[in-house]
Amino acid sequence: MQHDRDRDRRRDEIDPLVDAWRAEGLDDTLIAMLEVGKRTARLQGLLQQALRAELTDLGLTYAEFEVLTVLRRSGSPYRLRPTDLTRSALLTSGGTSNVLQRLEKAGHVERGTDEGDGRGRWVRLTDEGLRVTEDALAASGTAHDDVLGAVPAEKLRAAADALRDVLGPITPRR
């Protein structure tokens with residue numbers, strides 16, 4: 001009884017969907033799966049919405065931000081092969097190519113050929129790209145704090161760990 005009252009106080013915008021799924025007789029395991037998907041999608045949407053305005057001010061799209069941050073976390077000299085960049089940014093090769101064209105035009109990245117292998121290519125952050133990336137990372141921190149700042153740190157840690165446990169069995173190992 002106490003558990004039900006606690007749950008009623010914590011209802012979110014996904015709970016009416018859960019009620020409807022239960023009323024339709026869906027299996028509890030399927031409902032839990034649907035809840036995970038809906039809640040993670042909602043959280044991602046809130047985070048992206050908070051970040052988009054900041055990125056727009058910097059002249060970046062969310063995909064461009066992802067590519068820049070992948071290059072940044074690769075460490076100095078902030079250079080990767082396009083295939084590694086695509087994999088780390090979780091984009092398609094075509095999507096990465098389009099993003100790289102825009103970033104190169106803006107002066108945030110430069111592309112070149114691997115001197116040891118004429119067929120090999122690389123992408124590198126420029127000094128301006130590094131500056132914009134640092135500004136975008138600061139904006140990301142602000143956006144995450146705006147969305148998640150009211151959540152106690154121990155709840156965030158528990159949620160991060162639980163999501164790792166969920167992703168572990170379904171994410172292919174590289």
Using 4.0 Å as the upper bound for N to carboxylate O, is an ion pair formed by [Y] and [X]?
{"X": "Arg131", "Y": "Glu134", "result": "no"}
{"X": "Asp19", "Y": "Arg11", "result": "yes"}
{"X": "Arg10", "Y": "Asp15", "result": "no"}

Arg121-Thr113 side chain donor-acceptor pair, cut-off 3.5 Å: yes
Of all the heavy-atom pairs spanning [X] and [Y], show the shortest one and how long it is.
{"X": "Thr126", "Y": "Gly107", "answer": "OG1-O, 2.6 Å"}
{"X": "Gly37", "Y": "Thr40", "answer": "O-OG1, 3.1 Å"}
{"X": "Ala136", "Y": "Leu60", "answer": "CB-CD1, 4.0 Å"}

Can you tell me how far the [atom1] atom of [X] sits from the [atom2] atom of [Y], to the nearest 0.5 Å?
{"X": "Arg72", "Y": "Leu125", "atom1": "CZ", "atom2": "CG", "value": "8.5 Å"}
{"X": "Arg42", "Y": "Glu35", "atom1": "CZ", "atom2": "CD", "value": "15.5 Å"}
{"X": "Arg73", "Y": "Thr133", "atom1": "CZ", "atom2": "OG1", "value": "11.5 Å"}
{"X": "Arg87", "Y": "Leu80", "atom1": "CZ", "atom2": "CG", "value": "10.0 Å"}
{"X": "Leu91", "Y": "Leu85", "atom1": "CG", "atom2": "CG", "value": "7.5 Å"}
{"X": "Glu128", "Y": "His108", "atom1": "CD", "atom2": "NE2", "value": "6.0 Å"}

Under 3.5 Å, sequence neighbours excluded: what are the donor-acceptor pairs made by side chains of residues 24-32?
{"residue": "Asp27", "atom": "OD2", "partner": "Thr29", "partner atom": "N", "Å": "3.0"}
{"residue": "Asp27", "atom": "OD2", "partner": "Leu30", "partner atom": "N", "Å": "3.4"}

Met33 side chain reached by Lys38 side chain, heavy atoms, under 4.5 Å: no
Just distance, no hydrogens or angles: give the donor-acceptor pairs under 3.5 Å from side chains in residues 45-57, sequence neighbours left out.
{"residue": "Gln48", "atom": "OE1", "partner": "Arg52", "partner atom": "NH2", "Å": "2.5"}
{"residue": "Thr56", "atom": "OG1", "partner": "Arg52", "partner atom": "O", "Å": "2.8"}

Same cluster for [X] and [Y] if Ile/Leu/Val/Met/Phe/Trp/Tyr side chains link at under 4.5 Å?
{"X": "Leu58", "Y": "Leu100", "result": "yes"}
{"X": "Val132", "Y": "Tyr62", "result": "yes"}
{"X": "Leu71", "Y": "Leu130", "result": "yes"}
{"X": "Val36", "Y": "Leu34", "result": "no"}
{"X": "Leu156", "Y": "Leu43", "result": "yes"}

Lys/Arg cation over aromatic Trp122: Arg81, 6.0 Å, 45° cone: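 Cation-pi check for Arg81 and Trp122: fails.
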Worked verdict on Val109 versus Leu68 for side-chain contact (heavy atoms from CB on, under 4.5 Å): CA-CA 8 Å; Val109 301; Leu68 290 173; 4.1 Å; yes
Asp12 vs Arg39, side-chain contact (heavy atoms from CB on, under 4.5 Å): CA-CA, chis, key distance, verdict: CA-CA 9 Å; Asp12 65 12; Arg39 285 194 172 99; 2.6 Å; yes
